[in-house]
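Here is the structure we will look at.
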Amino acid sequence: MKILLIHQNFPAQFKHLGPALVDRGDQVVVLTPKVKEATKWKGVTILPYVVKGSTTQGIHPWLADFETKILRGTSCYDAALALKQKRFDPDVILAHHGWGESLFLKDVWPDARLGLYCELYHRSGKAETGFDPEFPSPTPDRDALRLRLKNINNRLHEEVMDAGISPTHFQAGTFPDSYQSRITISHDGVDTDAINANPDATLDLPNGKTLSTRDEVITFINRNLEPYRGYHRFMRALPELLRRRPQANVVLLGGDETSYGAKPPAGKTWKQIFIDEVRGQIPDADWARVHFMGRVPYPTFLSMIQVSTVHVYLTYPFVLSWSLIEAMSTKCAIVASDTAPVREAIIGGQTGVLVDFFDQEKLISETCALLDSPERRDFLGSNARRFARERYDLKRVCLPRQLKWVDDLAAVYPVRSPRD
């Protein structure tokens, strides 16, 4: 088949699927603003497009969000027209529609089947905007209105999508009932053959020290250190964790930006805000055992979870991080927040320990209890890897399911409205 992939940050969620389609003989072309010049990657042809225009000054902020999606959609539409003129007519289009790029592609290729990566449908209330009372919405009475506008992009895509795919039941479940029959649940997948425990792993720290599996290591990972991923809850646990565990090293990985939720006050970062909050409670000698890695190459990330004695994963009810499944694959003993979709991967007492997101003492006590129990860590870690291989293995489970989804999509008749 001829397959067109659309993602503003390719390869992202398509990093395994794209090359797998090429390997089986499909012609795969990508349109993305991420590259400046046409290139090849693992047999995939990657073509650039430029996002034209900018958000109108003074426009209502709720409309500004949608205007950026229209700008991406029309820019991608122009690139698609140019591609069509070169006689590329895809049988299937696979898109992450979250940024609006795929809004108008059915207008270029009405007979192509459109499959969407359904990552999240925004919801008001405790599911999203009201989960953490520490960061209340400045306009709670308008949250439902604002998110209804934010979901316009989702709603417009509902009209043109032939099928969807979502990595977790929780994420699929955020979408309205009208989507549900068209969404397949399939995680992106983790290569559990390559991502495994390594008793000889070592991790070089920024201060020149090297940690190994013989050290007591507590790890915490975010793409960016921010409240949506529980960074503030973890930092507030640090003073007591360090006091109770005088031999432990605490290693945090993550950038200084904001991926999700509200941005910090101007001129500040969430990372530094919560360092400043707890630093006065931590003696210098203990603070020397806290190591911020920033963003690191993947091999360094892998070494970090391989040397981890206990890995802490916290999140709002939101998109599940790949890093949790990767930590499970390396047999990490995990303490995680009792939030959806975490419960899909962490079964309390079996594949990890679940604690209330807001229960700081429980987070501390459960982490310390695991550090004191190598037998329990081995039990939980072994179960976690077994579960990861059964549910999230890339080669045996997820990729075959994704390829079947593409083939089923190619065979689907276009969804027609009753008036047709």
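On a predicted model such as this, the values are computed, not experimentally measured, just so you know.
- Between the side chains of S321 and Y313, at least one donor N or O lies within less than 3.5 Å of an accepting N or O.
- For the pair D393 (side chain) and E390 (backbone), a donor-acceptor distance under 3.5 Å is absent.
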Note to self: Working note: V355 + D338, criterion side chain to side chain contact (heavy atoms under 4.5 Å, CB included); need CA distance, chi angles, decisive distance, verdict.
What the structure shows: CA-CA 5 Å; V355 298; D338 190 4; over 6 Å; no
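- A pairwise comparison of heavy atoms in S212 and V217 identifies O-CG2, 4.3 Å as the closest pair.
- With hydrogens and angles left out, the side-chain atoms of E226 and N222 include no donor and acceptor closer than 3.5 Å.
- The existence of a salt bridge linking R396 and D191 is excluded, since no basic side-chain nitrogen approaches an acidic carboxylate oxygen closer than 4.0 Å.
- Between the side chain of S337 and the backbone N or O of L314, no donor-acceptor pair lies under 3.5 Å.
- In this structure, a donor-acceptor pair under 3.5 Å is present between the side chains of R155 and Y121.
- The distance from the SG atom of C398 to the CG atom of L403 is 11.0 Å, given to the nearest 0.5 Å.
- Side-chain contact annotation: K40 with T45, donor-acceptor N/O pair under 3.5 Å present.
- Using the six-membered ring where Trp is involved, Y260 and F318 have ring planes that are perpendicular, over 60° apart on the 30 and 60° scheme.
- Ring centroid separation for the pair F131 and Y228 does not come in under the 6.0 Å cut-off.
- Ring geometry for H232 against F135 counts as perpendicular: the plane angle is over 60°, on a 0 to 90° scale with 30° as the lower cut.
- A donor-acceptor contact closer than 3.5 angstrom links the side chains of E119 and H96.
- Side-chain N or O atoms of R289 include one that pairs as donor or acceptor with a backbone N or O of A248 at under 3.5 Å.
- In summary, the side chains of R148 and N151 do not present any donor paired with an acceptor at a separation below 3.5 Å, with no hydrogens or angles considered.
- Counting only distance, with no hydrogens or angles, the side chain of W405 and the backbone of G164 share a donor-acceptor pair below 3.5 Å.
- Taking the six-membered ring where tryptophan is involved, the planes of W270 and F274 are essentially parallel, since the angle between them stays under 30° and well short of 60°.
- In this structure, Y298 has its ring center closer than 6.0 angstrom to the ring center of F301.
- Ring pair Y316/F357: centre-to-centre distance below 6.0 Å.
- Outside the 6.0 Å centre-distance limit, the rings of Y117 and H7 are not counted as a close aromatic pair.
- For CD of Q247, the number of neighbouring non-hydrogen atoms (other residues, nucleotides, ligands) closer than 6.0 Å is 12 at most.
- Looking at R123 and T174, their side chains never bring a donor and an acceptor atom within 3.5 Å of each other.
- With K34 contributing its side chain and Q8 its backbone, the two residues share no donor-acceptor pair below 3.5 Å.
- Within 6.0 Å of CZ in R279 there are more than 12 heavy atoms belonging to other residues, nucleotides or ligands.
- Checked for salt-bridge contact, K209 and D204 miss the test: no charged N lies under 4.0 Å from a carboxylate O.
- Checking T213 against Q306 by side-chain atom types alone, no donor-acceptor pair falls below 3.5 Å.
- Salt-bridge formation is detected for the pair D372/R245: a Lys NZ or Arg NE/NH1/NH2 atom is positioned less than 4.0 Å from an Asp or Glu carboxylate oxygen.
- Donor-acceptor pairing under 3.5 Å is lacking for the side chains of H16 and D188.
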